[in-house]
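Side-chain atoms are counted along with the backbone in the values below, which use heavy atoms only and exclude waters and symmetry mates. Positions are given from 1 along the sequence.
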Amino acid sequence: MAARRVAIIGAGASGLCALKCCLDEGLVPTCFERSGDIGGLWRFEERPEEGRASIYRSVIINTSKEMMCFSDFPIPEDFPNYMHNSKIMEYFRMYARHFDLLRHIRFRTSVCRVSKRPDFAATGQWDVVTESEGKQEAAVFDGVLVCTGHHTEAHLPLSTFPGLEKFEGWYLHSRDYKSPQSFSGKQVVVVGAGNSGIDIAVELSHTAKQVFLSTKRGTWVLHRVADGGYPFDLSYLSRFMQLLHSLLPQNASSFFLERKLNTRFDHALYGLQPRHR
(Lines give C-alpha, C1' and ligand atoms only; values in the text may rest on other atoms or scores of the structure.)
Protein backbone atom coordinates (compact mmCIF):
# COMPACT_ATOMS: atom_id res chain seq x y z
CA MET A 1 0.00 0.00 0.00
CA ALA A 2 1.40 3.38 -1.03
CA ALA A 3 2.23 5.82 1.76
CA ARG A 4 -0.51 8.36 2.35
CA ARG A 5 0.25 11.93 1.28
CA VAL A 6 -0.58 14.82 3.59
CA ALA A 7 -0.68 18.54 2.79
CA ILE A 8 0.26 20.88 5.64
CA ILE A 9 -0.63 24.55 5.26
CA GLY A 10 1.76 26.81 7.15
CA ALA A 11 5.27 26.35 8.59
CA GLY A 12 4.84 28.02 11.95
CA ALA A 13 4.89 26.30 15.34
CA SER A 14 1.93 24.03 14.53
CA GLY A 15 3.07 23.33 10.97
CA LEU A 16 6.54 22.23 12.04
CA CYS A 17 5.11 19.98 14.74
CA ALA A 18 2.56 18.51 12.31
CA LEU A 19 5.29 17.87 9.75
CA LYS A 20 7.44 16.01 12.25
CA CYS A 21 4.48 13.93 13.51
CA CYS A 22 3.52 12.93 9.96
CA LEU A 23 7.06 11.68 9.35
CA ASP A 24 6.92 9.72 12.60
CA GLU A 25 3.78 7.97 11.34
CA GLY A 26 5.31 7.00 8.00
CA LEU A 27 3.23 9.48 6.02
CA VAL A 28 4.52 11.60 3.13
CA PRO A 29 3.96 15.25 4.09
CA THR A 30 4.39 18.38 2.00
CA CYS A 31 4.25 21.69 3.84
CA PHE A 32 3.22 24.82 1.92
CA GLU A 33 4.46 28.12 3.34
CA ARG A 34 3.45 31.37 1.63
CA SER A 35 6.43 33.33 2.98
CA GLY A 36 10.12 32.60 2.55
CA ASP A 37 10.86 31.26 6.03
CA ILE A 38 9.53 29.20 8.94
CA GLY A 39 8.28 30.59 12.25
CA GLY A 40 4.89 32.09 11.42
CA LEU A 41 3.82 34.46 14.18
CA TRP A 42 7.22 34.43 15.85
CA ARG A 43 9.27 35.72 12.93
CA PHE A 44 9.71 39.47 13.38
CA GLU A 45 9.55 41.71 10.30
CA GLU A 46 9.77 45.50 10.20
CA ARG A 47 6.63 45.68 8.08
CA PRO A 48 3.48 43.57 8.62
CA GLU A 49 2.98 40.95 5.92
CA GLU A 50 -0.44 40.25 4.46
CA GLY A 51 -1.98 37.06 5.79
CA ARG A 52 0.58 36.62 8.59
CA ALA A 53 0.43 37.67 12.22
CA SER A 54 2.78 40.50 13.12
CA ILE A 55 4.72 41.10 16.34
CA TYR A 56 6.64 44.05 17.76
CA ARG A 57 10.39 43.97 18.22
CA SER A 58 10.39 43.49 22.00
CA VAL A 59 7.89 40.61 22.25
CA ILE A 60 8.75 38.04 24.91
CA ILE A 61 6.61 34.92 25.19
CA ASN A 62 4.27 34.63 28.21
CA THR A 63 4.71 30.86 28.49
CA SER A 64 7.82 29.44 30.14
CA LYS A 65 10.20 27.38 28.02
CA GLU A 66 9.46 24.28 30.12
CA MET A 67 5.77 24.51 29.22
CA MET A 68 6.06 25.57 25.58
CA CYS A 69 8.77 23.26 24.25
CA PHE A 70 8.04 20.29 22.01
CA SER A 71 7.98 17.18 24.22
CA ASP A 72 10.58 15.38 22.09
CA PHE A 73 12.98 18.32 21.77
CA PRO A 74 13.62 20.27 25.01
CA ILE A 75 14.67 23.90 24.79
CA PRO A 76 18.38 24.31 25.72
CA GLU A 77 19.08 24.92 29.39
CA ASP A 78 20.97 28.15 28.71
CA PHE A 79 17.92 29.74 27.04
CA PRO A 80 15.96 32.14 29.32
CA ASN A 81 12.77 30.91 31.00
CA TYR A 82 10.73 33.44 29.02
CA MET A 83 12.22 33.84 25.58
CA HIS A 84 12.48 36.83 23.28
CA ASN A 85 11.00 36.19 19.84
CA SER A 86 14.50 35.87 18.37
CA LYS A 87 15.26 32.97 20.75
CA ILE A 88 11.99 31.27 19.84
CA MET A 89 12.99 31.47 16.18
CA GLU A 90 16.40 30.06 17.06
CA TYR A 91 14.69 27.14 18.79
CA PHE A 92 12.38 26.51 15.80
CA ARG A 93 15.40 26.43 13.46
CA MET A 94 17.16 23.94 15.73
CA TYR A 95 14.01 21.78 15.77
CA ALA A 96 13.65 21.90 11.98
CA ARG A 97 17.32 20.99 11.43
CA HIS A 98 17.32 18.22 14.03
CA PHE A 99 14.36 16.43 12.43
CA ASP A 100 15.33 17.36 8.85
CA LEU A 101 12.03 19.13 8.19
CA LEU A 102 13.09 21.86 5.75
CA ARG A 103 13.32 19.54 2.75
CA HIS A 104 9.59 18.87 3.08
CA ILE A 105 8.62 22.58 2.97
CA ARG A 106 7.79 24.47 -0.22
CA PHE A 107 8.41 28.12 0.53
CA ARG A 108 6.74 31.07 -1.22
CA THR A 109 3.88 28.79 -2.16
CA SER A 110 0.30 29.82 -1.42
CA VAL A 111 -2.60 27.41 -1.12
CA CYS A 112 -5.37 28.74 -3.36
CA ARG A 113 -8.02 26.08 -2.91
CA VAL A 114 -8.73 22.90 -0.99
CA SER A 115 -11.72 20.81 -2.08
CA LYS A 116 -13.05 17.29 -1.73
CA ARG A 117 -12.47 15.04 -4.73
CA PRO A 118 -15.55 13.71 -6.57
CA ASP A 119 -14.87 10.28 -5.05
CA PHE A 120 -14.22 11.67 -1.56
CA ALA A 121 -16.83 9.41 0.07
CA ALA A 122 -14.83 6.37 -1.01
CA THR A 123 -11.23 7.66 -0.92
CA GLY A 124 -11.26 10.58 1.55
CA GLN A 125 -8.92 12.45 -0.79
CA TRP A 126 -8.56 16.17 -1.43
CA ASP A 127 -7.66 18.32 -4.41
CA VAL A 128 -5.18 21.02 -3.36
CA VAL A 129 -4.34 23.90 -5.72
CA THR A 130 -1.20 25.91 -4.93
CA GLU A 131 0.50 28.88 -6.56
CA SER A 132 4.20 29.74 -6.72
CA GLU A 133 5.87 32.39 -8.89
CA GLY A 134 2.59 33.02 -10.68
CA LYS A 135 2.07 29.38 -11.66
CA GLN A 136 -0.69 27.20 -10.28
CA GLU A 137 -0.35 23.50 -9.62
CA ALA A 138 -2.92 20.89 -8.56
CA ALA A 139 -2.17 17.78 -6.52
CA VAL A 140 -4.11 15.05 -4.74
CA PHE A 141 -3.63 14.43 -1.01
CA ASP A 142 -5.03 11.87 1.40
CA GLY A 143 -5.21 14.40 4.21
CA VAL A 144 -4.92 18.13 4.86
CA LEU A 145 -3.69 19.82 8.05
CA VAL A 146 -4.49 23.54 8.33
CA CYS A 147 -1.78 25.20 10.45
CA THR A 148 -2.29 28.83 9.48
CA GLY A 149 -2.58 30.18 13.03
CA HIS A 150 -4.64 33.19 14.04
CA HIS A 151 -4.30 36.95 14.70
CA THR A 152 -3.63 37.46 10.98
CA GLU A 153 -6.27 40.15 10.46
CA ALA A 154 -6.35 43.33 12.53
CA HIS A 155 -9.68 44.10 14.24
CA LEU A 156 -9.90 47.89 14.28
CA PRO A 157 -13.55 48.88 14.98
CA LEU A 158 -13.24 52.54 14.04
CA SER A 159 -17.03 52.96 13.90
CA THR A 160 -17.19 52.54 17.69
CA PHE A 161 -15.10 55.71 18.20
CA PRO A 162 -17.38 58.60 17.15
CA GLY A 163 -15.48 61.74 16.18
CA LEU A 164 -12.37 59.85 15.19
CA GLU A 165 -12.49 61.43 11.74
CA LYS A 166 -11.77 64.79 13.44
CA PHE A 167 -8.94 63.42 15.55
CA GLU A 168 -5.71 65.16 14.57
CA GLY A 169 -3.42 62.61 16.14
CA TRP A 170 -2.18 59.22 14.99
CA TYR A 171 -3.97 55.92 15.54
CA LEU A 172 -2.92 52.37 14.71
CA HIS A 173 -3.58 48.75 15.58
CA SER A 174 -1.06 46.84 17.70
CA ARG A 175 -0.37 44.76 14.58
CA ASP A 176 1.32 47.84 13.10
CA TYR A 177 3.25 48.73 16.25
CA LYS A 178 6.95 47.86 16.09
CA SER A 179 8.91 50.03 18.54
CA PRO A 180 8.35 53.01 20.92
CA GLN A 181 10.72 55.51 19.32
CA SER A 182 8.11 57.30 17.20
CA PHE A 183 6.00 57.97 20.31
CA SER A 184 8.70 59.94 22.11
CA GLY A 185 7.28 62.94 23.96
CA LYS A 186 3.68 62.15 23.00
CA GLN A 187 0.52 61.50 25.01
CA VAL A 188 -0.74 58.02 24.16
CA VAL A 189 -3.91 56.06 24.90
CA VAL A 190 -3.65 52.27 24.67
CA VAL A 191 -7.12 50.73 24.22
CA GLY A 192 -7.38 47.22 25.62
CA ALA A 193 -5.68 45.45 28.52
CA GLY A 194 -4.87 42.15 26.85
CA ASN A 195 -1.35 40.79 26.50
CA SER A 196 -0.36 43.18 23.70
CA GLY A 197 -2.08 46.19 25.29
CA ILE A 198 -0.30 45.83 28.62
CA ASP A 199 3.02 45.00 26.95
CA ILE A 200 2.87 48.07 24.71
CA ALA A 201 1.65 50.40 27.49
CA VAL A 202 4.60 49.39 29.70
CA GLU A 203 7.09 49.81 26.87
CA LEU A 204 5.70 53.20 25.84
CA SER A 205 5.81 54.44 29.45
CA HIS A 206 9.62 54.63 29.16
CA THR A 207 9.47 56.81 26.03
CA ALA A 208 6.17 58.67 25.72
CA LYS A 209 5.29 61.81 27.68
CA GLN A 210 2.23 60.15 29.24
CA VAL A 211 0.45 56.84 28.73
CA PHE A 212 -3.16 55.96 29.54
CA LEU A 213 -4.38 52.37 29.55
CA SER A 214 -8.08 52.11 28.68
CA THR A 215 -9.93 48.94 29.66
CA LYS A 216 -13.64 48.23 29.37
CA ARG A 217 -13.99 45.95 32.38
CA GLY A 218 -10.56 45.64 34.02
CA THR A 219 -8.40 42.53 34.15
CA TRP A 220 -6.45 40.29 36.50
CA VAL A 221 -2.75 40.68 35.79
CA LEU A 222 -0.79 37.43 36.11
CA HIS A 223 2.95 37.85 36.48
CA ARG A 224 5.44 35.63 34.71
CA VAL A 225 7.39 34.94 37.88
CA ALA A 226 5.89 33.16 40.91
CA ASP A 227 7.19 32.55 44.44
CA GLY A 228 10.86 31.69 44.66
CA GLY A 229 11.53 33.00 41.16
CA TYR A 230 9.97 30.01 39.42
CA PRO A 231 7.87 30.51 36.26
CA PHE A 232 4.24 31.17 37.15
CA ASP A 233 2.80 28.56 34.79
CA LEU A 234 5.24 25.89 35.98
CA SER A 235 4.18 26.54 39.58
CA TYR A 236 0.42 26.74 39.11
CA LEU A 237 -0.34 24.51 36.11
CA SER A 238 0.50 21.26 37.83
CA ARG A 239 -1.50 18.09 38.47
CA PHE A 240 -1.62 18.92 42.19
CA MET A 241 -2.95 22.44 41.60
CA GLN A 242 -5.53 21.14 39.12
CA LEU A 243 -6.67 18.56 41.68
CA LEU A 244 -6.87 21.24 44.37
CA HIS A 245 -8.85 23.48 42.03
CA SER A 246 -11.33 20.68 41.31
CA LEU A 247 -11.85 19.94 45.03
CA LEU A 248 -12.20 23.51 46.28
CA PRO A 249 -15.33 25.63 45.68
CA GLN A 250 -14.76 28.15 42.89
CA ASN A 251 -15.09 31.10 45.28
CA ALA A 252 -12.34 29.66 47.50
CA SER A 253 -9.85 29.09 44.67
CA SER A 254 -10.64 32.53 43.22
CA PHE A 255 -10.06 34.13 46.64
CA PHE A 256 -6.69 32.40 46.95
CA LEU A 257 -5.48 33.43 43.50
CA GLU A 258 -6.80 37.00 43.74
CA ARG A 259 -5.04 37.42 47.05
CA LYS A 260 -1.77 36.24 45.48
CA LEU A 261 -2.16 38.63 42.56
CA ASN A 262 -2.98 41.58 44.81
CA THR A 263 0.22 41.09 46.82
CA ARG A 264 2.10 42.28 43.71
CA PHE A 265 -0.13 45.33 43.34
CA ASP A 266 -3.64 46.21 44.47
CA HIS A 267 -5.82 45.89 41.34
CA ALA A 268 -8.54 48.09 42.84
CA LEU A 269 -6.03 50.84 43.67
CA TYR A 270 -4.90 50.93 40.03
CA GLY A 271 -8.44 50.80 38.62
CA LEU A 272 -7.91 47.38 37.09
CA GLN A 273 -9.98 45.09 39.31
CA PRO A 274 -12.75 43.56 37.18
CA ARG A 275 -16.17 42.40 38.37
CA HIS A 276 -15.45 38.83 37.34
CA ARG A 277 -13.47 36.61 39.72
Side-chain angles (χ1 to χ4, degrees), residues 9-10 12-13 34-37 39-63 82-86 88-89 108 110-112 131 146 148-224 258 261-262 264-277:
I9 307 174
R34 67 184 300 174
S35 71
D37 201 356
L41 163 71
W42 292 105
R43 194 177 76 251
F44 172 79
E45 297 287 350
E46 286 289 350
R47 296 182 180 278
E49 297 175 351
E50 182 183 355
R52 191 171 73 87
S54 179
I55 58 174
Y56 34 101
R57 186 183 298 277
S58 62
V59 166
I60 294 173
I61 198 166
N62 56 10
T63 307
Y82 292 97
M83 299 184 293
H84 183 261
N85 60 85
S86 60
I88 295 174
M89 280 300 300
R108 303 202 182 281
S110 300
V111 176
C112 307
E131 182 175 332
V146 181
T148 52
H150 52 157
H151 302 316
T152 56
E153 301 295 331
H155 177 56
L156 194 60
L158 300 182
S159 60
T160 62
F161 297 95
L164 187 64
E165 66 279 359
K166 299 178 183 179
F167 179 59
E168 297 180 357
W170 176 31
Y171 63 86
L172 73 158
H173 190 274
S174 59
R175 187 177 191 275
D176 299 307
Y177 174 83
K178 294 298 176 182
S179 64
Q181 280 70 33
S182 54
F183 294 89
S184 178
K186 298 182 183 297
Q187 283 188 312
V188 184
V189 177
V190 178
V191 181
N195 293 338
S196 297
I198 291 180
D199 252 4
I200 292 172
V202 170
E203 183 167 84
L204 288 177
S205 69
H206 299 287
T207 303
K209 178 181 178 182
Q210 192 172 21
V211 178
F212 297 89
L213 179 63
S214 171
T215 170
K216 186 175 182 178
R217 59 173 191 156
T219 188
W220 293 105
V221 180
L222 276 68
H223 294 259
R224 290 186 175 101
E258 289 164 13
L261 296 178
N262 277 324
R264 295 298 184 99
F265 72 89
D266 189 328
H267 285 61
L269 182 65
Y270 280 85
L272 277 175
Q273 182 164 321
R275 292 179 179 177
H276 63 271
R277 302 305 301 275

Undergrad: To the nearest 0.5 Å, what is the distance between CD1 on I88 and OH on Y82?
TA: 12.0 Å
Undergrad: Any non-hydrogen side-chain atom of S174 less than 4.5 Å from a side-chain atom of I200?
TA: yes
Undergrad: Going from SG on C112 to CD on E131, what distance comes out if it is rounded to the nearest 0.5 angstrom?
TA: 4.5 Å
Undergrad: Does a sphere of radius 6.0 Å around CD in E50 hold more than 12 heavy atoms from other residues, nucleotides or ligands, not counting ones at 6.0 Å or beyond?
TA: no
Undergrad: State whether the side chain of K216 and the backbone N or O of V191 hold a donor-acceptor pair below 3.5 Å, judged by distance alone.
TA: no
Undergrad: Walk me through it: do R43 and M89 pass the test side-chain contact (heavy atoms from CB on, under 4.5 Å)?
TA: CA-CA 7 Å; R43 194 177 76 251; M89 280 300 300; 3.9 Å; yes
Undergrad: After noting the C-alpha distance and the side-chain angles of W220 and L272, does the key distance pass the side-chain contact (heavy atoms from CB on, under 4.5 Å) rule?
TA: CA-CA 7 Å; W220 293 105; L272 277 175; over 6 Å; no
Undergrad: Between CG of N85 and CZ of R57, what distance do you get to the nearest 0.5 Å?
TA: 9.0 Å
Undergrad: Determine yes or no for a side-chain-to-main-chain donor-acceptor pair under 3.5 angstrom, with T207 supplying the side chain and L204 the backbone.
TA: no
Undergrad: Check L261 against H267 and note the closest heavy-atom contact, atom names and distance.
TA: O-CE1, 3.8 Å
Undergrad: Is it true that, when you exclude H276 itself, more than 12 heavy atoms of the residues, nucleotides or ligands shown sit nearer than 6.0 Å to its NE2?
TA: yes
Undergrad: Sorted by first residue and then second, give each salt bridge (charged side-chain N to carboxylate O under 4.0 Å, His left out) pair with at least one member in residues 268-277; sequence neighbours left out.
TA: E258-R277
Undergrad: Can you see which heavy atom on D199 is nearest to which on R224, and at what distance?
TA: OD1-NH2, 4.4 Å
Undergrad: Could you report the tightest heavy-atom contact between I55 and V59, atom names first, then the distance?
TA: CB-CG2, 3.9 Å
Undergrad: Please test F44 against E46 for side-chain contact (heavy atoms from CB on, under 4.5 Å), starting from the C-alpha separation and ending with a verdict.
TA: CA-CA 7 Å; F44 172 79; E46 286 289 350; 3.8 Å; yes
Undergrad: Please find the pair of heavy atoms, one from G218 and one from P274, that lie closest to each other, and give the distance.
TA: C-CB, 3.8 Å
Undergrad: If you count heavy atoms of other groups shown closer than 6.0 angstrom to CZ of F265, is the number above 12?
TA: yes
Undergrad: Any chance you could lay out the side-chain contact (heavy atoms from CB on, under 4.5 Å) test for I61 and W42, step after step, and finish with the verdict?
TA: CA-CA 9 Å; I61 198 166; W42 292 105; 3.8 Å; yes
Undergrad: Side-chain contact test, heavy atoms from C-beta onward, threshold under 4.5 Å: evaluate it for F161 versus F167 and give yes or no.
TA: no
Undergrad: Restricting to non-hydrogen atoms, name the atom on Y56 and the atom on S196 that form the minimum distance, rounded to 0.1 Å.
TA: OH-CA, 3.5 Å
Undergrad: Specify the closest pair of heavy atoms between S54 and R175, including all atoms of both residues, with the distance to one decimal.
TA: OG-O, 3.2 Å
Undergrad: Between CG of L164 and OG of S159, what distance do you get to the nearest 0.5 Å?
TA: 10.0 Å
Undergrad: How about NZ on K186, more than 12 heavy atoms from neighbouring residues, nucleotides or ligands closer than 6.0 Å, or not?
TA: no
Undergrad: Roughly how far, to the nearest 0.5 Å, is CZ of R264 from CG of N262?
TA: 12.0 Å
Undergrad: Rounded to the nearest 0.5 Å, what's the gap from OG on S205 to CZ on F212? Could you check?
TA: 13.0 Å
